[in-house]
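These figures come from a predicted structure and were not determined experimentally. The sequence lines fix the lettering, A, B, ..., with proteins before strands; numbering per chain opens at 1. Worth knowing before you read on, the calculation uses all heavy atoms, side chains too, and leaves out hydrogens, waters and symmetry mates.
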2 protein chains.
Amino acid sequence: MTESSQEPGRQEPHELAISEQVAVYQREFPNVDPQVETIVSTLSRLARRMTVAYGRHLNDLGISSADWEVLKALIVAGAPYRLGPGELAKRIGLTPAAMTHRVDRMATAGLVTRSRDESNRVRVNIELTELGREKWLESMRMAAVFEESLLQDAGPEERSELAGALDRMLHRVEDSQPDAQGRTEDLGGDTDGH
Amino acid sequence: MTESSQEPGRQEPHELAISEQVAVYQREFPNVDPQVETIVSTLSRLARRMTVAYGRHLNDLGISSADWEVLKALIVAGAPYRLGPGELAKRIGLTPAAMTHRVDRMATAGLVTRSRDESNRVRVNIELTELGREKWLESMRMAAVFEESLLQDAGPEERSELAGALDRMLHRVEDSQPDAQGRTEDLGGDTDGH
DNA sequence: CCGAAAGACTACACTACTAAAGTCTTCAGA
DNA sequence: TCTGAAGACTTTAGTAGTGTAGTCTTTCGG
């Protein structure tokens, strides 16, 4: 069920409308609750469409979603937008080895710089460049336009209801999943995470 | 964005609470609308958590999300749950070559059978085995329990409002994205797609 | 009966990741 | 100051899944 950001050659699949898909599920698995299934399917598909849209935005900017993940972690860290590879890896959920390669690519692309820490030469600092910061800001501008369009026909009450309902669902998941070991100062995320 | 199914060693990242993340975005990109950003971030994170939960269910069943995608396509096709590799590839959005490998793995695992079509021996039929069908049904059982728990504190009105709001958002995306070339009889989808 | 087209498979290369080994730096203790 | 242990990053090797291109077999029109 994950799917994340592999746009290279993967072409658009053919999809049933949500109502048709729910009908199939009812046909093949009678126990299903149509309304629950509709909500969940719509939510999943919406998230997927958003992922595709973000991916397109990033593609226009010439960066990958993996790159964006790193930019975001640095932005979240705040000025001076600087972290070590190990810390970045931890926040994003990668091994340090994988982060070395990501940073290689990103440094070549001019999105970040890599330099030895002056006070402790074991440490390496990955720092956002002006270009990297601008790419992130531009991605946010595109996202903001897109996201506002998503909610353009929802009034204030509908927006708060939606926010509340989604928040309650999220809490339900997190209560039932003891994954994120209760740390509150966490970070990172996936390609989206917008 | 499309994240699909990388459970092997990828460890849990550290994440900010939604409200903290929105605060960071406001700090670094003042134009952001906090409410819109909250809704979108919650939605994205919820989808990600669902993906993780489904991945865990599938892991318990001993199948990958790539496998599940194929099982679903065959189920959607309906009895006798049989399609050719090329057709499967088209519905899922893969090249036929990639599908050959997937089917290899799945046939070895006993989830599907591969056989030459009797009337046209160029064609190959991939057919769901009883085991494959049971795995899919079991995945649906687990998903149903999980999904019901997500909505367990939502009453009938809240559920319809949620369904309506999400549906409107999805339509907004699809209207603005001329991806799925208007075909109504489409299929497939991603790892989730529940 | 021949040649073109279609469907599936094979061979090869690529990307991105994990795990484990290796290198260099720092620091505590004698 | 030397020495050894611990830490931080990189390197190497191996894996999984995919795409591209080419091959083989069957089908079908002429």
*Asks:* I need the CG-C1' distance between B/Asn59 and D/dA16, as an integer number of Å.
*Replies:*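 Whole-Å distance recorded here is 15 Å.
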
*Asks:* Whole Å only: how far is the CD atom of A/Glu87 from the P atom of D/dC9?
*Replies:* 9 Å

*Asks:* How many Å lie between CG on B/Leu94 and C1' on D/dG19, as a whole number?
*Replies:* 10 Å

*Asks:* State which residues pass salt bridge (charged side-chain N to carboxylate O under 4.0 Å, His left out) with B/Asp60; sequence neighbours excluded, sorted by chain then number.
*Replies:*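 By the salt bridge (charged side-chain N to carboxylate O under 4.0 Å, His left out) rule, B/Asp60 matches no residue at all.
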
*Asks:* Report the distance from atom CD of A/Glu69 to atom P of C/dC17, rounded to the nearest whole Å.
*Replies:* 8 Å

*Asks:* Counting the atoms with a prime plus P, OP1 and OP2 as sugar-phosphate, which does B/Ala98 contact under 4.0 Å by heavy atoms, base, sugar-phosphate, or nothing?
*Replies:* sugar-phosphate

*Asks:* Would you kindly give the CD1-to-P distance between B/Ile63 and D/dG17, to the nearest whole Å?
*Replies:*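 Value for this atom pair: 13 Å.
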
*Asks:* Of the listed nucleotides (D/dT11, C/dA16, D/dT18), which one gets closest to any side-chain atom of A/Thr100?
*Replies:*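 Shortest atom-to-atom distance from the side chain points to D/dT11.
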
*Asks:* Identify which nucleotide among C/dC9, D/dT10, D/dG19 has an atom closest to any side-chain atom of B/Thr95, counting heavy atoms from C-beta outward.
*Replies:*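 Nearest nucleotide to the side chain: D/dG19.
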
*Asks:* List the residues meeting salt bridge (charged side-chain N to carboxylate O under 4.0 Å, His left out) with A/Asp167, not counting sequence neighbours, and say none if there are none.
*Replies:*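 Per chain and number, A/Asp167 pairs via salt bridge (charged side-chain N to carboxylate O under 4.0 Å, His left out) with no residue.
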
*Asks:* Please report, rounded to the nearest Å, how far the C1' atom of C/dA8 is from the CG atom of B/Asn125.
*Replies:* 12 Å

*Asks:* If I take atom CG in residue A/Leu88 and atom P in nucleotide C/dC17, what distance separates them, rounded to the nearest angstrom?
*Replies:* 13 Å

*Asks:* Rounded to the nearest angstrom, tell me the gap between atom CG in A/Asp117 and atom P in C/dT25.
*Replies:*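 Taking CG of A/Asp117 and P of C/dT25, I get 14 Å after rounding.
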
*Asks:* Of A/His101 and B/Arg114, whose closest DNA chain C nucleotide lies nearer the 5' terminus?
*Replies:* B/Arg114

*Asks:* Mind checking salt bridge (charged side-chain N to carboxylate O under 4.0 Å, His left out) for A/Glu157 and listing every partner two or more places apart, or none if nothing turns up?
*Replies:* none

*Asks:* Determine whether the side chains of B/Tyr81 and A/Glu28 contain a donor N or O and an acceptor N or O closer than 3.5 Å.
*Replies:* yes

*Asks:* Do A/Tyr54 and A/Glu147 have a side chain donor and acceptor closer than 3.5 Å?
*Replies:*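 There is such a pair between these side chains.
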
*Asks:* Looking at the side chain of A/Ala97, which of D/dT20, C/dT18, C/dA8 is the nearest nucleotide?
*Replies:*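 Between D/dT20, C/dT18, C/dA8, the one nearest the side chain of A/Ala97 would be C/dT18.
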
*Asks:* Detail all sub-3.5 Å separations between protein N/O atoms and N/O atoms belonging to nucleotides 25-29 of chain D.
*Replies:*
residue	atom	partner	partner atom	Å
D/dT26	OP1	B/Arg121	NH2	3.4
D/dT27	OP1	B/Arg121	N	2.8

*Asks:* Given C/dC17, D/dT18, D/dC9, which nucleotide is nearest the side-chain atoms of B/Arg105?
*Replies:*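 The closest nucleotide is D/dT18.
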
*Asks:* My understanding is that only residues two or more places apart in sequence, or in another chain, count here; which of them pass side-chain hydrogen bond (donor to acceptor under 3.5 Å, both in side chains) with A/Glu127?
*Replies:*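 Testing A/Glu127 for side-chain hydrogen bond (donor to acceptor under 3.5 Å, both in side chains), a comparison that skips the adjacent residues, returns A/Arg82.
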
*Asks:* Who pairs with A/Arg123 by side-chain hydrogen bond (donor to acceptor under 3.5 Å, both in side chains), at least two apart in sequence or on another chain?
*Replies:* none

*Asks:* Which sits closer to the 5' end of DNA chain D, A/Arg123 or A/Asp104, going by the nucleotide each is nearest to?
*Replies:* A/Arg123

*Asks:* Side chain of B/Pro85, heavy atoms from C-beta onward: which of D/dG17, C/dT18, C/dA8 has the nearest atom to it?
*Replies:*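 Among the listed nucleotides, the one closest to the side chain of B/Pro85 is C/dA8.
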
